[in-house]
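Both ligands and their constituent atoms are indexed starting at 1 by order of listing.
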Amino acid sequence: MEAFRHEALQDVGSTNTECLERARAGDPGNLWITATRQTSGRGRRGRVWTSEPGNLYASLLLINPAPMDRIASLPLAVAVGLQAAVSAVMPRDAEPVEVKWPNDILIGRKKTCGILIEGEGLPDGRHALVIGIGINIRHKPETAPYAVTRLEEHGCFITADELFAHLFREMAVVIKIWDEGRGISDITRRWLNVACGVGEKITVNLPDRSLTGRFDGIAADGLLMLNLGGGQIVPIAAGDVFFERTE
Ligand code: BTN
C-alpha cells in the first residue's frame, strides 16, 4: 500500500467532489483532502451536510481499492477507523463512542459523524472510490431527522486539524487490516465490539416500508440481520435504523 498524502484546502464545494475531480485528472489515489468549510457538503440520501468552519470535513480517494466482490465490507472498516479516531480524543469519562449500522458514529446514542462513500468508473478503466467523513466538533445541524450532537458537548475541545491527525493514522491502520477485503472477519469482529444496539429491538426504515425486529448482528458481507421472530431473519443491505430506547 502506497503512503497516504494530504492536501488541506480552505473553502470548497465538497471534499468528495474535489477527490473525484483529482481521480478524473489521473491522481493515483491514497489522497486525503480536507477543507475548513464546504459550500455544497453532501450527506447520505441526497441530504445537505451543513459545513461551517470548526468541524472536520475530510475525504479519502482510493483507486481500485479491492475487487468488486470484496468492496461491501469497506464501509464497516471505515466506521471502525473513525470510531477509533474519535474515541482517542474523548475525555475518559465521556459517554461511549459507538457505531450505528452501517457507519454512523454516535456519542451517547446521538449522531456526531457521518460517512458518505461515492464511487465512479474512470474513462481509463480504473475505479475511483471516495470516503467522505464529516465530524461535528463545534457545530451540529439545527434540524435533523435523528438525534445529533457534537464533540464539544461531551467535553472534547479539539481543532479539526488535531482530530484529522488521529483520523489519518487510524484509517491507515484499519485499511491495512481490511487488506482489500481479505481482512473482513477481523473487521467484522472489531465492528461488533463497538456497535450500538446489537440484540435490541430496532426499526429499519426502507424506501418502501418499515420493519421492526431484533438486531441480530451483521453477516460476513456487512448486511444487517433483522430477526422478525418465528425463525424469520431478514438481511438488510441499506436503510435507516432507529433504536427503541432513545428514538
Ligand atoms: C451522512 O449523511 O451521514 C454522511 C455525511 C458525510 C459528510 C462528509 S463531509 C466531507 C465529505 N464531503 C461531503 O460533501 N460529504 C462528506
Side-chain angles (χ1 to χ4, degrees), residues 4 6-24 27 29 31-62 74-83 85-86 97-107 109-120 128-151 158-161 163-168 170-171 195-196 204-205 207 222 224 237-243 247:
F4 292 90
H6 174 210
E7 195 176 319
L9 303 176
Q10 298 290 317
D11 284 15
V12 299
S14 155
T15 52
N16 270 26
T17 305
E18 290 287 332
C19 278
L20 287 170
E21 281 171 2
R22 298 295 194 292
R24 290 179 205 128
D27 191 280
L31 172 68
W32 279 103
I33 293 188
T34 55
T36 46
R37 187 157 75 112
Q38 298 185 118
T39 50
S40 315
R42 291 197 289 277
R44 287 194 298 133
R45 298 173 174 268
R47 293 177 186 138
V48 168
W49 189 262
T50 311
S51 306
E52 289 307 310
N55 289 350
L56 177 59
Y57 312 107
S59 297
L60 173 62
L61 171 66
L62 300 175
L74 180 60
L76 301 179
V78 173
V80 167
L82 180 50
Q83 192 277 344
V86 174
V97 182
E98 296 174 307
V99 176
K100 177 184 169 193
W101 185 88
N103 54 11
D104 286 343
I105 304 294
L106 312 184
I107 301 178
R109 297 236 163 163
K110 295 179 180 169
K111 177 164 170 169
T112 192
C113 312
I115 299 169
L116 176 67
I117 300 182
E118 297 179 307
E120 186 175 299
L129 206 103
V130 177
I131 301 164
I133 295 173
I135 308 182
N136 298 339
I137 302 174
R138 193 177 304 158
H139 311 284
K140 64 179 185 182
E142 275 167 18
T143 54
Y146 37 72
V148 289
T149 190
R150 57 197 176 93
L151 299 193
I158 192 167
T159 66
D161 285 350
L163 183 51
F164 177 70
H166 288 272
L167 182 65
F168 184 95
E170 297 295 347
M171 286 292 292
C196 178
V204 185
N205 285 354
L224 181 151
D240 278 335
V241 171
F242 294 88
F243 301 109
E247 291 167 314

Give a table of atom pairs where an N or O of ligand 1 lies under 3.5 Å from a protein N or O.
residue	atom	partner	partner atom	Å
ligand 1	2 (O)	R44	N	2.7
ligand 1	3 (O)	K111	NZ	2.5
ligand 1	12 (N)	T15	OG1	3.2
ligand 1	12 (N)	Q38	OE1	2.9
ligand 1	14 (O)	S14	OG	2.8
ligand 1	14 (O)	R42	N	2.7
ligand 1	15 (N)	R42	O	2.7

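- When all heavy atoms of A35 and V12 are compared, the closest pair comes out as CB-CG2, 3.5 Å.
- Residue K110 places its NZ atom among 12 or fewer non-hydrogen atoms of other residues, nucleotides or ligands, all under 6.0 Å distant.
- Between L163 and I137 the shortest side-chain heavy-atom distance falls below 4.5 Å.
- The pair D240-K111 does not meet the salt-bridge criterion, since no charged nitrogen lies less than 4.0 angstrom from a carboxylate oxygen.
- Shown here are the ring pair (Phe, Tyr, Trp, His ring centres under 6.0 Å) partners of H6, two or more places apart in sequence or in another chain: F164.
- Remark: R24 engages E120 in a salt bridge, criterion side-chain N to carboxylate O under 4.0 Å.
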